[in-house]
Amino acid sequence: MRRLLPLIGTPGSHPGGRSALTCRFRCGDACFHEVPNTSDNAYVGDVIAGAIGRRSMMRAAAVVTVATATGAAVVGTGAQDARAAQAVEGGTAARTGHTVDKAARGLRFSPVAPNTADAVTVPGGYGQNVVIRWGEPILRGAPAFDPEHQTAKAQAGQFGYNNDFLALLPLPGERGRQLLVANHEYTDEVLMFRGYDPANPTREQVEVAWAAHGLSAVVVEEDRRTGRLTAVTRHALNRRVTATTEFRLTGPAAGSDLLKTSADPTGRKVLGTLNNCSGGTTPWGTTLHGEENFNQYFANASRDTDKRYGLGTGATERKWERFDKRFDVAQEPNEPHRFGYVVEFDPYDPASTPRKHTALGRFKHEAATVRLTDDGRPVVYTGDDERFDYFYKFVGSKRMRHGSSRSVREHNLSLLDEGTLYVARLTGDSPAADIDGSGKLPADGEFDGSGEWIPLVTATARGAVSHVDGMTVEEVLVFTRLAGDKVGATKMDRPEDIQPSPHTGKVYVVLTNNTNRGKAGSAGADEANPRNANKHGHILELTERRGRAEATTFGWSLFLVAGDPADPATYFAGFPKDRVSPISCPDNVAFDPHGNLWISTDGNQLGSHDGLLGVATKGERRGELKQFLTVPTGAETCGPIIQDRRVLVAVQHPGEIDGASVEKPASNWPDGPGKIVRPAVVSVWRTDGCDIGV
């Protein structure tokens, strides 16, 4: 009889609508642990209560019912299933609710209705295919996927598990081909192995999981007649990075005593990367990957610094510490200090060693997105995905060079090692009495305020200096959360993806949710976080001073307050709420070529599956929000890429429902009944060959 660990909580009790299974394996039940941040820093909700808005309260008072349309779905579409592909490509949808031809350019499609279909559901007139699944071979010599006899050696040559962030990069000289890079955030062994015993995993199962973490790079090829993307197996650029691949620690903290272990007395080499969530692409052709919930992999922690990062005092869920002492903090106290960084990966050089950039700080990085200053220096935005934690900016001091020579690439790979790391402090000026916790707008109808970037560390070629009293450079960069506590950074509601608009320069900060707001012992609502028990999340819009990426001050306002448009607490940048789709728990975001922000969701609390939505950020239709797709049962929408003629999403943890297992699947996606459920990447296109949403 298979033994299962008891599930914590009851169905529906998990924050953001996640299943207990997801909470266990993705983040180690982080939302059921004590909040790590016990500082008395201001809550962003308290700050919002102090800001003044400028829009009519009439816009907030409208209570309407959102109109939606039917989408085209295919249940269990396989990449090699021609009949399923034809069914998707032939899908239709009624054009009701929204006037398609008058929508913002890029959003002219019939919105998909909220639903619970075990499928990827897309608008009528759009086709889709599975690009690549967990376990498909991508390296030379890798065998075909066999879930009943999976080995670590096989997995190390196959596409990893639980794809999250996606990047699609050009391949000069290879027409119709691009290079796909994917994160593999975490493994769910209950859904991977038949008869899995959580109390007694085998060494082979553990080593398969190590190999299923990390990154994949795989060349993909377009069928120009249909829009389908398929993986090119055994291409020379295809690569797997796993939990045992060697990495370099770079930047001011590299070599610190805080990073040295018995296996690495230099403090400069790390085996593997863990819990890579979202990320970003750089203008110099590399990809960035945020190590997020790394704390859950380490057992037997006891120090206050470990507690601030959420490390547990006992055994871990996966029991990796039984098979490698580096996961046992009692034996290797510095090993956790070597995770929680932004990883840089060069997908064009299969022999390159990935880097962990200590100059960007150590915390639960959800993402890392880059833009350049006017003089060519990199600016990186990243959030710490924890209730009541902070968001950050790094401003580099060296300019990017153009070209493809080895010296140019080496120079550009060092750009994130020198510069200044900042943390955000938000300020408001509205009276607290204007905020009642319901989400009602303040007197002038907008939640807004000002902010500043507080410096933590500045690194140069000659050395580095700490700006935090009582903390050395190494301490600031290894215990960055503590540095944020000390300088009075503003506590936020789970900062996730942060994206600067390539069209306007405004920066969008995604705050997924925080159901603890307003509870006894926790901060109540404020202008930046205007709702108690915030289960739907919101999005902040930042305007850097004078539009300069390197500015140290900014203005902010709430761009979107998520939820059912019929709820008076919701807000869509002032756009009429009878003409938008519902949204809950925004997570990863990306911009399309027209300047619209596309939002993937994680943990929908409105009774529908998660999905992908697009919203106009400028012009007279600013705030117009429309749902483009939904994902299968138990799944999360990740890694959106929006091109002129294609949308890509990572369908993560399908079938991850309480009580599900290999023997008792909750989903049949993507290959249908009788097949193991598999995370996968999906491509969507218009069947008439035209651009998306025009």
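All values below come from the heavy atoms of this structure, side chains included, with hydrogens, waters and symmetry mates left out. Numbers for residues simply follow the sequence, beginning at 1.
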Q: Determine, stepwise, if the pair Glu222 / Arg228 fulfils salt bridge (charged side-chain N to carboxylate O under 4.0 Å, His left out).
A: CA-CA 6 Å; Glu222 177 186 18; Arg228 295 165 61 89; over 6 Å; no

Less than 3.5 Å apart, which donor and acceptor atoms pair up between the side chains of residues 335-344 and the rest of the protein, not counting sequence neighbours?
from	atom 1	to	atom 2	distance (Å)
Glu335	OE1	Arg338	NE	3.3
Glu335	OE2	Arg326	NH1	3.4
His337	ND1	Leu258	O	2.9
His337	ND1	Asn334	OD1	3.4
Arg338	NH1	Leu259	O	2.7
Arg338	NH1	Asp264	OD2	2.9
Arg338	NH1	Lys269	O	3.4
Arg338	NH2	Lys269	O	2.4
Tyr341	OH	His337	O	2.7
Glu344	OE1	His357	NE2	2.6
Glu344	OE2	Trp284	NE1	2.8
Glu344	OE2	Thr286	OG1	2.6

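- Proximity of Thr242 to His213: side-chain heavy atoms (C-beta onward) are nowhere separated by under 4.5 Å.
- Within the 3.5 Å criterion, the main-chain N or O of Thr637 finds no donor-acceptor partner in the side chain of Asp610.
- Side-chain atoms of Asn163 come within 3.5 Å of backbone atoms of Val651 as a donor-acceptor pair (strictly under, hydrogens ignored).
- Taking the six-membered ring for Trp and the full ring otherwise, Phe394 and Tyr381 have centroids separated by 6.0 Å or more.
- Side chain of Asp385 to main chain of Glu496: no donor-acceptor pair is present (N/O by atom type, distance under 3.5 Å, no hydrogens or angles).
- Minimum heavy-atom separation, Ser683 to Gly227: OG-O, 4.0 Å.
- Between the side chain of Asp384 and the backbone N or O of Asp389 there is no donor-acceptor pair closer than 3.5 Å.
- At least one donor-acceptor pair under 3.5 Å links the side chain of Asn238 to the backbone N or O of Val232.
- Taking the centre and axis of the six-membered ring of Tyr309, the NZ or CZ atom of Arg481 falls inside the cone set by 45° and 6.0 Å.
- Side chain of Thr601 to main chain of Gly611: a donor-acceptor pair is present (N/O by atom type, distance under 3.5 Å, no hydrogens or angles).
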Q. Passes side chain to side chain contact (heavy atoms under 4.5 Å, CB included), Arg646 versus Gln178? Steps please.
A. CA-CA 13 Å; Arg646 181 177 291 105; Gln178 298 176 80; 4.0 Å; yes

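- Between the side chain of Glu189 and the backbone N or O of Ala209 there is no donor-acceptor pair closer than 3.5 Å.
- Checking Thr287 against His289 by side-chain atom types alone, a donor-acceptor pair falls below 3.5 Å.
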**Q.** Verdict with supporting geometry, Glu207 and Arg203, salt bridge (charged side-chain N to carboxylate O under 4.0 Å, His left out)
**A.** CA-CA 6 Å; Glu207 292 185 355; Arg203 172 170 285 279; 3.0 Å; yes

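- For the residue pair Asp328 and Asn300, a side-chain donor N or O sits within less than 3.5 Å of a side-chain acceptor on the partner.
- No donor-acceptor pair under 3.5 Å is formed between the side chain of Asn668 and the backbone N or O of Val677.
- Not less than 6.0 angstrom separates the ring centroid of Phe159 from the ring centroid of Trp134.
- Under 3.5 Å, the side chains of Thr202 and Glu204 contain no donor-acceptor pair of N or O atoms.
- A donor atom on one side chain and an acceptor atom on the other are not found under 3.5 Å apart for Lys364 and Asn275.
- Checking Gln296 against Arg318 by side-chain atom types alone, a donor-acceptor pair falls below 3.5 Å.
- Side-chain contact, Glu136 with Gln158: no donor N or O sits under 3.5 Å from an acceptor N or O.
- With Gln499 as the partner, the side-chain contact (heavy atoms from CB on, under 4.5 Å) test is satisfied by one option alone out of Ile599, Thr369, Asn588: Thr369.
- Using a 3.5 Å distance cut-off with no hydrogens or angles, the side chains of Asp146 and His149 do pair a donor with an acceptor.
- Between the side chains of His235 and Glu174, at least one donor N or O lies within less than 3.5 Å of an accepting N or O.
- In summary, the side chains of His365 and Glu291 do not present any donor paired with an acceptor at a separation below 3.5 Å, with no hydrogens or angles considered.
- Counted by atom type alone, Asp587 and Thr512 present zero donor-acceptor pairs between their side chains at under 3.5 Å.
- With no hydrogens or angles considered, a side-chain donor-acceptor pair links Gln652 and Glu185 at under 3.5 Å.
- A side-chain N or O of Glu321 and one of Thr316 form a donor-acceptor pair less than 3.5 Å apart.
- Looking at Arg133, its side chain never comes within 3.5 Å of a backbone N or O of Val681 through a donor-acceptor pair.
- With ring centers used as reference points, Tyr297 lies 6.0 Å or more from Phe327.
- Between Trp669 and His609, the distance separating the two ring centers is not shorter than 6.0 angstrom.
- Looking at Arg248, its side chain never comes within 3.5 Å of a backbone N or O of Pro354 through a donor-acceptor pair.
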